[in-house]
Structure formats: C-alpha cells, structure tokens
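Comments concern the structure below.
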Number of protein chains: 2
Amino acid sequence: MNNIVIVDDHPIVIEGLSTLLQANEALQVVATFTAGQAFLSFLPGAGFIDIVLLDITLPDISGVEVCKQIKKTSPETKVLIISNHNERSIILQMLQQGASGYLLKNASSEELVRCVHDVLDGKVAFSAEVMAIMTRPLQNEPKATPHLTKREKQVLSMIAAGRTSASIAEELCVSQFTVETHRRNLMQKFEAGNTAALIRMAAEQQLL
Amino acid sequence: MNNIVIVDDHPIVIEGLSTLLQANEALQVVATFTAGQAFLSFLPGAGFIDIVLLDITLPDISGVEVCKQIKKTSPETKVLIISNHNERSIILQMLQQGASGYLLKNASSEELVRCVHDVLDGKVAFSAEVMAIMTRPLQNEPKATPHLTKREKQVLSMIAAGRTSASIAEELCVSQFTVETHRRNLMQKFEAGNTAALIRMAAEQQLL
DNA sequence: CAAAATATACTGGAAAACCAGTAGAAAAGA
DNA sequence: TCTTTTCTACTGGTTTTCCAGTATATTTTG
C-alpha cells in the first residue's frame with residue numbers, strides 16, 4: 001500500500017486526484033494540503049510517505065522550495081510535479097531539485113496513474129506532452145530561469161511597470177548609469193536583445 | 001434534477017468537479033468535454049442543459065467564444081466560468097458574453113456548490129476571491145482587453161519576440177513608419193507609456 | 001582574511017523608440 | 001454607394017535605450 005500526499009492550491013484538483021487514485025487499491029491518499037508551509041509543518045511528524053503530488057504555484061511558498069525541503073527531510077520520498085507550467089526551464093529546475101516526474105494538468109487520468117506507478121517503481125516519468133517538450137530541439141531558450149540579484153529583480157519589476165531608467169534611478173536614489181548597467185545585465189542573463197523580449201521572457205517565467 | 005455539462009481542458013479538474021457535484025442529488029453531470037469544438041458540436045443535439053461549467057483556456061477555441069455560442073444556441077442555459085484567470089477585464093468580458101457566474105479554480109468545494117446553486121436559482125454568483133477582485137477600487141487597469149486588429153496582433157507578437165521596428169517592417173513588407181504607427185496605436189489601446197508596459201500587459205491578458 | 005559577487009558609476013556614441021501631427025488608399029460594413 | 005475602419009506612410013524632432021568598454025566600493029561567501 002503506497003501512501004500519497006497531495007499538495008495543490010486547487011481543492012477541485014485535489015478532489016479529482018484523490019478520486020482517481022483511490023480507485024487504485026495499491027494507492028492511498030493519506031493527506032492533502034492547499035499550501036506549502038502547512039505541508040512542510042506536517043512532514044516531520046508524518047509516517048513514511050511514498051510519493052508527493054506537488055503543484056509548483058502555491059499561495060505561500062514555491063513548489064520549488066517545497067520540493068527542496070522534501071528531499072532534504074525525506075530523501076526516499078518521491079516527488080511528482082503536476083503543474084500548468086510547460087516551460088522546459090521550469091521542468092528542468094524541478095528535476096534538478098529532485099523531482100522524479102512531471103506532468104501537466106491536462107494529462108489524462110490514465111497518464112496520471114501510469115506516472116504515479118512509474119515513479120513509485122523508481123523511474124523518471126513524464127506525461128506525453130512533457131516528453132515532447134523535453135525532446136524537441138532547443139531554440140532560443142534560456143537554459144534555466146536566470147539567477148537575479150535582489151536589485152535586479154527590483155529594476156526588472158519597475159521596467160515592467162513602464163518606468164524609464166531615469167525614473168527608476170530617481171526612485172532608487174542611484175545614478176541613471178547604474179540602472180542602465182542593471183538593464184544590461186538583465187538582458188545578458190535572459191539573452192534578450194531588447195526590453196520587449198526581456199519583459200516577455202520574464203512574464204513567461206512568472207517573474208513579474 | 002439539474003443537468004450539468006463540464007468543459008475543461010484538465011481531465012483531473014473534470015474528475016474533481018464531477019465527484020463534488022454528483023454527491024449532490026439535485027445535480028447530474030450528463031457530459032464532459034476537454035475541447036470547445038467537441039462540446040459545440042454536441043450542443044444542438046443535446047437535451048436541455050441547465051448549466052455549463054466552462055473553462056476559458058481550451059486547446060482549440062476560447063471559452064469566450066464557447067460562451068457566446070451557448071447563449072446564441074440555448075439562451076436559457078446558464079454558464080458558470082471556472083478559470084485561473086483573475087484579471088477583472090477577463091471576468092467582465094465573460095459576464096458581457098452572458099456568463100452568470102465566475103469562480104477561480106482555487107475556490108473551495110463549498111463555494112463551488114454554492115455558486116452552482118445560486119446560478120441555477122437565477123442569480124449572478126462569484127466566489128469570494130472573485131467578489132474581492134470585482135469590488136476593489138480601480139487602479140490603472142484597462143477597462144477591458146482592447147480590441148486589436150489582425151495587423152496589430154501581428155506587430156505585437158513580433159515586438160514581443162524582440163524584433164525592432166525596422167526588422168518587422170522588412171518582414172511584413174511595409175515601411176518602418178507604418179510599423180511605428182501600429183506601435184503607437186497599440187500603446188494607446190493599452191494605455192502604455194512604453195514598450196515594456198505594453199508587453200507586460202499583453203502577457204497578463206494572454207495575448208502573446 | 002581573501003576571493004567572489006554585487007552594486008555602483010562613468011565615457012562616447014549609435015540605434016531605436018516615442019511624440020504629435022497629417023493624410024490618402026483599401027477594405028469592410030451598413 | 002456611402003461611411004467607417006484599417007492600413008499605409010510621411011514630417012521633424014526629442015527621448016530613451018542599447019552598446020562595449022572601464023573601474024571602484026561594498027557586501028557576501030568560503
């Protein structure tokens with residue numbers, strides 16, 4: 001009997017997952033959470049958990065962080081990501097944090113159950129669509145979400161709000177040259193040729 | 001006994017919704033679809049449908065269009081939107097197309113059932129979070145997603161891809177002045193002061 | 001404490017965007 | 001067929017971004 005925990009901010013999704021999995025005698029949903037922190041508080045006192053079905057977008061902390069903490073606290077617990085994010089960079093980031101599987105929320109019931117079993121069997125599992133994303137040729141994609149410093153995030157946010165470099169400099173009490181250097185660094189990190197591409201990519205990676 | 005149809009691109013969500021609603025004796029899920037066109041083909045030959053639970057993001061056509069067609073074909077059929085989109089402009093657009101209710105996918109089971117009943121009773125129903133969005137003071141929000149011409153959409157997409165006006169002009173076989181005029185019109189429609197704000201807003205409204 | 005990372009700031013210049021206006025042709029709609 | 005909308009293109013100019021480099025100070029990390 002495999003113990004399953006579900007962490008997703010959508011109660012309807014939790015309901016759907018529970019219903020699908022409970023139909024399988026070998027699987028038992030032992031707890032569900034709609035927030036990451038509540039789950040992390042639950043984790044140390046929990047019995048053994050075979051697998052966690054984990055969303056990335058949670059209301060309090062990121063699924064990335066939750067995955068990291070799961071792997072730190074219970075290395076044998078498998079993590080299967082179920083998300084709406086279909087960017088290769090995010091998929092790779094989750095795998096790097098120790099997730100054993102990834103599927104999109106539009107996956108079929110059969111795919112879900114297959115992935116759960118594959119992950120429990122010690123394999124890495126993807127739904128068909130994620131497999132297609134992972135295998136298509138790389139084309140102008142950043143390899144991963146770039147690491148941004150605190151100041152860079154601040155400047156990026158203000159750029160996206162439509163502010164000019166002069167206006168940002170005034171508010172942050174720095175020189176316009178400083179802001180221009182931050183912009184340049186941001187463009188290099190995202191491999192963007194201009195501000196439009198920068199903002200689009202940042203939006204795609206949920207950084208705004 | 002109320003007949004319900006569910007249209008959502010996520011099978012897991014369909015499963016969750018079905019499970020929650022079937023527990024209510026007055027409600028019966030008579031059909032489910034993961035694509036808009038399949039549902040629209042089904043609609044004319046269907047018996048009476050009291051309410052359709054409809055997502056906005058579908059793989060083939062937009063939930064906006066589906067809603068419009070439902071209201072044209074079966075004006076008495078109620079539409080309750082269940083979506084991840086929390087922008088006021090999108091909510092208003094759905095209401096304008098005849099939807100009677102709107103809730104986000106993070107709504108609780110109780111809220112879902114309450115909204116279904118309220119809509120069946122002839123009321124307009126929102127989940128608490130949507131209600132909060134609808135009642136908060138307007139702040140720098142475009143009133144609705146602006147109407148874009150075919151050419152404007154094309155230019156917007158190319159701007160977002162990082163192209164310069166000169167490069168766009170070359171590919172579209174028009175003058176750079178023409179592209180600049182399109183940019184200006186786009187900025188006016190979105191009430192954006194520069195390209196960064198334009199692209200951010202377009203991304204927010206799922207236009208990219 | 002040293003190394004690395006981050007933040008800051010400047011030069012000199014070119015490229016691109018933004019501005020506010022004007023105006024005609026073509027396509028679409030009533 | 002007329003009106004409206006969309007697309008096209010230009011003027012003359014200012015503002016802003018982008019470029020490639022250099023360099024120092026501060027903070028963080030090992």
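In this text, all values refer to a predicted model and were calculated from it rather than measured experimentally.
Within 4.0 Å of B:Gln176, counting heavy atoms only, lies no atom of the nucleic acid at all. Backbone-only contact: B:Thr195 has heavy atoms under 4.0 Å from sugar-phosphate atoms and none from a base. No engagement by A:Asn185 is indicated, since no non-hydrogen atom pair under 4.0 Å with the nucleic acid exists.
As rounded to whole Å, 17 Å separates atom P of C:dG12 from atom CD of A:Glu180. Atom P of nucleotide D:dC18 and atom NE2 of A:His182 are separated by 15 Å, given to the nearest angstrom. If you take CD1 of A:Ile159 and P of D:dT16, they are 14 Å apart, rounded to a whole angstrom. Across the protein-nucleic acid pair, B:Lys189 atom NZ and D:dC7 atom C1' stand 12 Å apart, rounded to whole Å. Distance CZ (B:Phe177) to C1' (D:dC10): 6 Å, rounded to an integer number of Å. Rounded to a whole Å, the CG atom of B:Leu186 is 10 Å from the P atom of D:dC7. A straight line from CD1 of A:Ile168 to P of D:dT16 spans 12 Å, rounded to a whole angstrom. Computed from coordinates, the A:Leu172 CG to C:dT6 C1' distance equals 15 Å when rounded to whole Å.
Of the two residues near DNA chain D, B:His147 and B:Cys173, the one whose nearest nucleotide lies more 5' is B:His147. Between B:Lys150 and A:Ala166, the residue anchored nearer the 5' end of DNA chain D, judged by the nucleotide with its closest heavy atom, is B:Lys150. Mapping B:Arg184 and A:Thr178 onto DNA chain C via the closest heavy atom, the residue that lands nearer the 5' end is A:Thr178.
In this structure the side chain of B:Leu54 never reaches within 4.5 angstrom of the side chain of B:Phe39, judged on heavy atoms.
A distance of 7.5 Å separates OG in B:Ser100 from CD1 in B:Ile51, rounded to the nearest 0.5 Å. Going from atom CD1 of B:Ile168 over to atom CD of B:Gln154 covers 9.5 Å, rounded to the nearest 0.5 Å. Note that CD of A:Glu111 and CE of A:Met131 are 10.0 Å apart. Values are rounded to the nearest 0.5 Å.
Applying the 4.0 Å criterion to OP1 and OP2 of D:dT17, one finds that A:Ser165 has a side-chain N or O inside that range. Dashed line: the shortest gap from a side-chain N or O of A:Arg151 to OP1 or OP2 of C:dT8 is under 4.0 Å. The phosphate of D:dT5 (OP1 or OP2) has no side-chain N or O of B:Thr149 nearer than 4.0 angstrom. Residue A:Thr164 places no side-chain N or O under 4.0 Å from the OP1 or OP2 atom of D:dT17.
Looking at B:Lys105 and B:Asp8, a side-chain N of the basic residue comes within less than 4.0 Å of a carboxylate O on the acidic one, giving a salt bridge.
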